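I have placed the structure first, in the form of structure tokens, so that the comments after it can refer back to it.
Indexing begins at 1, ligand by ligand and atom by atom, following the structure's order. Worth saying up front: this structure is predicted, and the values here are computed from it rather than measured. Values below: every heavy atom of this structure, side chains too, minus hydrogens, waters and symmetry copies. Position 1 is the first residue of the sequence, and the numbers go up from there.
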Amino acid sequence: MEKIRGFYIGRFQPYHYGHESVIKHIAEEVDEIVIGIGSAQLSHSPNNPFTAGERVLMVTHALEESVSLPFYVIPIEDIQRNALWVSHARSISPPFNEVYSSNPLVVRLFRESGTEVISPEMYERENYSGTEIRRRMLAGEDWQSLVPPVVAGVINETDGVRRLHDVSGSD
Ligand SMILES: Nc1ncnc2c1ncn2[C@@H]1O[C@H](COP(=O)(O)OP(=O)(O)OP(=O)(O)O)[C@@H](O)[C@H]1O
Ligand SMILES: NC(=O)c1ccc[n+]([C@@H]2O[C@H](COP(=O)(O)O)[C@@H](O)[C@H]2O)c1
């Protein structure tokens, strides 16, 4: 029988427990998971401090601990033409049948291409968002409790909080 592969795309700047709640939901519905690391070309900026490679490590280590299904982590660069983006993403990803996203543009582009899209519930969005985690990093507040320990490990190994300060022009 054909395997059902679910595709979940995000920037993961950084990966957090909100993402993990979505992944656990996806894992109940599919045979394999494809994670797209979006905006792979971006790093070293206030909204996108981490490189694609660092985000691959965060997601891979986090899923090794939380998911027992096969999964694939694929960096995907942005392109200038939204109308071609679905083909672009499909061209570098393992084949997938279902998409999981709450991003309105992603939802529209995939639905227009005839792909089934599921938008999972938000999990405590006021705390579990990349924006809030980066704010806390800059403010010197607790951010570690919002991400799996292995993700905090990747960020600390690469001195990620210091980098975020540097690229944000703060100290
Ligand atoms: N707390 C959450 N619960 C459920 N889904 C979430 C949560 N936070 C983000 N998502 C979803 O995960 C996907 C990837 O999100 P993304 O990597 O941009 O994280 P983000 O926290 O929204 O980041 P940022 O605040 O930097 O924009 C999107 O579909 C987004 O809606
Ligand atoms: N034209 C494009 O390159 C295009 C279109 C739609 C989504 N995307 C990317 O998909 C990702 C969506 O993730 P978020 O839901 O985290 O915003 C982002 O990295 C976004 O840049 C890119």
At what distance, to the nearest 0.5 angstrom, does [atom1] of [X] lie from [atom2] of [Y]?
{"X": "Arg135", "Y": "Glu132", "atom1": "CZ", "atom2": "CD", "value": "4.5 Å"}
{"X": "Ser91", "Y": "Ile76", "atom1": "OG", "atom2": "CD1", "value": "8.5 Å"}
{"X": "Ile37", "Y": "Leu42", "atom1": "CD1", "atom2": "CG", "value": "12.5 Å"}
{"X": "Trp85", "Y": "Phe110", "atom1": "CH2", "atom2": "CZ", "value": "4.5 Å"}

Name the residues with a heavy atom less than 4.0 Å from ligand 2?
-> Ile9, Gly10, Arg11, Gly38, Ser39, Asp78, Ile79, Asn82, Trp85, Asn103, Leu105, Val106, Leu109

Under 4.0 Å from ligand 1, counting heavy atoms only: the protein residues, by chain and number | Tyr8, Ile9, Gly10, Arg11, Phe12, His16, Gly18, His19, Val22, Ser101, Ser102, Asn103, Glu121, Met122, Tyr123, Arg125, Tyr128, Ser129, Gly130, Thr131, Arg134

Does the side chain of Asn97 pick up a donor-acceptor pair with the side chain of Glu2 at under 3.5 Å?
-> yes

Does any donor atom in the side chain of Tyr100 or Glu98 lie under 3.5 Å from an acceptor atom in the other side chain?
-> yes

Check for a donor-acceptor pair, side chain of [X] on one end and backbone N or O of [Y] on the other, with a separation under 3.5 Å.
{"X": "His88", "Y": "Glu77", "result": "yes"}
{"X": "Glu112", "Y": "Leu109", "result": "no"}
{"X": "His61", "Y": "Met58", "result": "no"}

